[in-house]
Participant: 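Structure below; questions to follow.
Atom set for the values below is all heavy atoms of this structure, side chains included, hydrogens, waters and symmetry mates excluded. As the structure is a prediction and not an experimental result, all values here were calculated from the model.
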Amino acid sequence: MLRELVRERLQETIQKLYGLSVPVEVSVPEKPEFGDLSSTIAFALKAQLSRAPRQIAEEIKASLAYGPGEAWFEKIEVVGPGFINFFLKPETIHLALHEILTQGHDYGTLKIGQGKRAQVEFVSANPTGPLTIGHCRQAVLGDVISRLLENAGYDVTREYYYNDAGRQMKLLGESVRARYFELLGKPAEFPEEGYHGEYIYEIARKIQQQHGESWADAAVEQFTEFAERELFTEIKQTLSRLFRLPPERVFDVYYNESWLQTSSGLQTVLPAAAQEKVIVTSAQVLQWLHELGLAYEKDGAIWFKATALGRPQDRVLVRSHTGEPTYRLPDMAYHANKLLRGFDLIIDIFGADHQDTYQDVLAAVRALWEGGKLPKECTPDKIRVLIHQWVNLLRRGQPVKMSKRMATFVTIDELIDEIKHASLEVHLHRPQAGEGEQSRRSLEDFAVNVVRFFLLMRSPDSHVNFDLDLAKSQSKDNPVYYVMYAYTRIKSIFEKLGELPEVGKADLAILCEQAELNLIKKLDEFPQVVREATEHLAPHFLANYAHELAGLFHDFYEKYRVLDETNPERMKARLALCRAVQIVLERAFALLGLKAPERM
């Protein structure tokens, strides 16, 4: 609100002085000595007014100081070559607090996506094993971005795309069959590039328990289908745990690559779930590429002429030795279908290993659109790609790689369970600690909060060093504990009070201590942080904001008494401030997919 107030005053003044209607940027200075808010508008007006930015800034300052801005600003400064710094009056800052208390849990909602449809594709791991810590970052990013878009008014479709018909799935079936034969005591040849790990034995044991030796002559496809069902059930349960959603709601659509394939030149019979989602097949896209001169045959394979579109090298679309498509061809068809399905915004979240692939795919889709193969409204500009870097799991500063169950990497469930177990050990050593269902639920919630928050604190394009020792600690050094502790401090205040304060009756003008004003100004930043996190697909903006807000609240709480019966009016005002902090933390938690704790 405060930023918007200053922006409006600046726009009014510029219109009055120069007859110009221009966009105005207002920001929060890095250092408090530069004011509460700052603007570089004088630099933006330099070319239009043919005057030095410093002169323009002085004119704007003079007009504001003796015009409508006099009521809002303690002072206005022009510094350097033309920066305008604004120092707000306490009563102006109090307006922001009143706004938060009035809006309540609507505070920070946006309207930029109203009436629009968005699709977010994420995770999209082939069901060849449990989800690992490598998948976890993408899962959390996708979940939070979906929440942010929903908060902005979009009708969001969460989508999971996977290859259910390629070589990897065949290897999965062969791996399970080999382990099944081992359990039966029969000769078994394990595939050279097969899947290792205890989970393959678990699936094989389940087949043995349910079917005995009757599958000894079964085709590998039968093992693949069984394993796929088992693994997808587990994947959904893991994501249900991580997203805090029922398993049937973690994704709206599971899109199979096999839907896009053809058989003998004809489209395969599609299940009901695919009827409205497959408008063009891989074969159709390949034909279009041929017609546009972007596909050719060489050495028995079919190639994508990517170099004609500015890409560094041509790529194989259909293999010569098997006649099977590579990943790029169905991915091209899939993205063409995304556009044809009528989404206004399409977001792909990929790991760094997709850097080259997605650029080839989008180059092909743009060529199809520019070549008239896709309707005009299917512009590829609707597609945004977010690439994230890897997660390094550390224990005592050393990389953690091995997992008994996966044989290679730690799973999401193993990570959550380790943090949960560490929290349980701390909990059981506390006086009057119980082991009831509510206690176990709170430990689960804390562990999931830690995993999510640690993966959200850094920009997606930065690597994450996930410090297990820090994640398991229950101290202020743990950023999750630090943020949650701020919330529980407020909750304990209201529990002692016995009810929520009547915030509408508080005299906010009493709040004039610098720690109080700093807290209100930080609360006022929340809608802008949410907007920027949404527009830039940057959940770390919101995670870091929550941590900074918690820090300011701890500073306030440790300096000043809130429950002070000797000064009821001041107590009422500070309770109103605490309630505003609680509202904003709850809003941030909801967007970040965190569970507010009952106690710490």
Side-chain angles (χ1 to χ4, degrees), residues 103 105-124 135-161 239-240 242-246 248-255 276-277 334-335 337-351 354 358 362 377-388 452-453 455-461 525-546 584-595:
Q103 289 193 31
H105 283 90
D106 289 331
Y107 186 62
T109 56
L110 307 176
K111 298 180 179 180
I112 56 178
Q114 281 192 338
K116 298 179 181 179
R117 297 174 61 223
Q119 184 230 40
V120 185
E121 182 210 335
F122 58 111
V123 182
S124 295
H135 301 112
C136 193
R137 188 179 194 187
Q138 184 174 142
V140 172
L141 283 170
D143 181 46
V144 175
I145 287 170
S146 297
R147 291 169 186 260
L148 287 167
L149 293 174
E150 287 168 342
N151 178 71
Y154 283 95
D155 177 9
V156 177
T157 295
R158 296 162 172 244
E159 194 147 313
Y160 188 121
Y161 170 79
L239 294 175
S240 172
L242 191 63
F243 295 171
R244 295 191 169 98
L245 291 170
E248 66 274 11
R249 286 185 51 211
V250 293
F251 280 94
D252 302 304
V253 175
Y254 292 89
Y255 202 108
E276 296 180 357
K277 301 177 184 66
Y334 177 45
H335 281 78
N337 279 296
K338 287 186 182 190
L339 292 166
L340 289 164
R341 287 162 63 192
F343 294 110
D344 300 287
L345 175 63
I346 296 166
I347 295 172
D348 293 338
I349 304 177
F350 298 138
H354 282 68
Y358 94 81
L362 293 192
E377 63 271 17
C378 292
T379 169
D381 293 336
K382 293 180 178 181
I383 301 173
R384 295 183 62 185
V385 177
L386 178 67
I387 295 289
H388 66 84
R452 293 181 67 100
F453 202 83
L455 295 176
L456 291 169
M457 286 189 299
R458 293 184 65 82
S459 168
D461 59 11
E525 292 177 27
F526 180 69
Q528 182 67 22
V529 171
V530 172
R531 177 178 288 274
E532 291 176 356
T534 305
E535 292 178 345
H536 296 285
L537 307 182
H540 66 288
F541 290 171
L542 189 55
N544 292 328
Y545 169 85
V584 171
L585 282 176
E586 288 173 347
R587 290 285 291 120
F589 291 171
L591 293 171
L592 293 169
L594 307 178
K595 185 72 177 291

Participant: Is the backbone of Gly593 close enough, under 3.5 Å, to the side chain of Arg244 for a donor and an acceptor to pair up by distance?
Facilitator: yes
Participant: Minimum heavy-atom separation for Ser240 and Pro246, please, with both atom names.
Facilitator: OG-C, 3.9 Å
Participant: Apply the test side chain to side chain contact (heavy atoms under 4.5 Å, CB included) to residues Tyr358 and Ile383: give CA-CA distance (whole Å), side-chain angles for both, the deciding distance (0.1 Å), then the verdict.
Facilitator: CA-CA 11 Å; Tyr358 94 81; Ile383 301 173; over 6 Å; no
Participant: Looking at Glu248, I'd like to know if its CD atom is crowded, meaning that more than 12 non-hydrogen atoms belonging to other residues, nucleotides or ligands lie closer than 6.0 Å.
Facilitator: yes
Participant: Can you check whether His105's main-chain N or O pairs, donor with acceptor, with Arg587's side chain at less than 3.5 Å?
Facilitator: yes
Participant: I need the minimum non-hydrogen distance between Leu239 and Ala139, along with the two atoms involved.
Facilitator: CD2-CB, 4.0 Å
Participant: With distance as the sole test, does Arg452 use its side chain to make a donor-acceptor pair with the main-chain N or O of Leu592 at under 3.5 Å?
Facilitator: yes
Participant: Considering non-hydrogen atoms only, spot the tightest contact between Lys116 and Ile112 and give its length.
Facilitator: NZ-O, 3.7 Å
Participant: Lys277 vs Glu159, test: salt bridge (Lys or Arg N to Asp or Glu O under 4.0 Å). Steps then yes/no.
Facilitator: CA-CA 12 Å; Lys277 301 177 184 66; Glu159 194 147 313; over 6 Å; no
Participant: Measuring only between side-chain heavy atoms, which start at C-beta, is Glu121 closer than 4.5 Å to Tyr334?
Facilitator: yes
Participant: Quick one: are Gln119 and Lys382 in side-chain contact, heavy atoms under 4.5 Å?
Facilitator: no
Participant: Are side-chain heavy atoms of Phe243 and Arg158 found at a separation under 4.5 Å?
Facilitator: yes
Participant: Would you call the rings of Tyr160 and Phe251 parallel, tilted or perpendicular if under 30° counts as parallel and over 60° as perpendicular?
Facilitator: perpendicular
Participant: Short question: side chain of Asn544, backbone of Met457 - any donor-acceptor pair under 3.5 Å?
Facilitator: yes
Participant: Could you tell me the separation between the OH atom of Tyr154 and the CG atom of Leu148, rounded to the nearest 0.5 Å?
Facilitator: 11.5 Å
Participant: Mind checking the OH-OG spacing from Tyr254 to Ser124? Nearest 0.5 Å is all I need.
Facilitator: 10.5 Å
Participant: Is there a side-chain contact between Leu456 and Leu542 (heavy atoms, below 4.5 Å)?
Facilitator: no
Participant: Should Lys338 and Asp348 count as side-chain neighbours, where that means a heavy-atom distance under 4.5 Å?
Facilitator: yes
Participant: In Å and rounded to the nearest 0.5 Å, what is the CD1 to OG distance from Ile347 to Ser146?
Facilitator: 7.5 Å
Participant: Once rounded to the nearest 0.5 Å, what's the spacing between atom CG of Leu386 and atom CG of Asp461?
Facilitator: 8.5 Å
Participant: Starting at CZ of Phe453, measure out to CZ of Phe589 and round the result to the nearest 0.5 Å.
Facilitator: 8.0 Å
Participant: Taking the side chain as every heavy atom from C-beta outward, state whether Cys136 and Leu242 have any atom pair closer than 4.5 Å.
Facilitator: yes
Participant: Between Asn151 and Gly108, is there a donor-acceptor pair closer than 3.5 Å when you use the side chain of the first and the backbone of the second?
Facilitator: yes
Participant: Are any of the side-chain heavy atoms of Leu149 and Thr534 separated by less than 4.5 Å?
Facilitator: yes
Participant: What's the shortest heavy-atom distance between Leu585 and Ala546, and which atoms?
Facilitator: CD2-O, 4.5 Å
Participant: Supply the atom-to-atom distance Leu455 CG to Leu141 CG, rounded to the nearest 0.5 angstrom.
Facilitator: 8.0 Å
Participant: Using side-chain heavy atoms (C-beta onward) and a distance below 4.5 Å, is Ile145 in contact with Phe122?
Facilitator: no
Participant: Do any N or O atoms from the side chain of Asp344 and from the backbone of Arg117 form a donor-acceptor pair under 3.5 angstrom?
Facilitator: yes
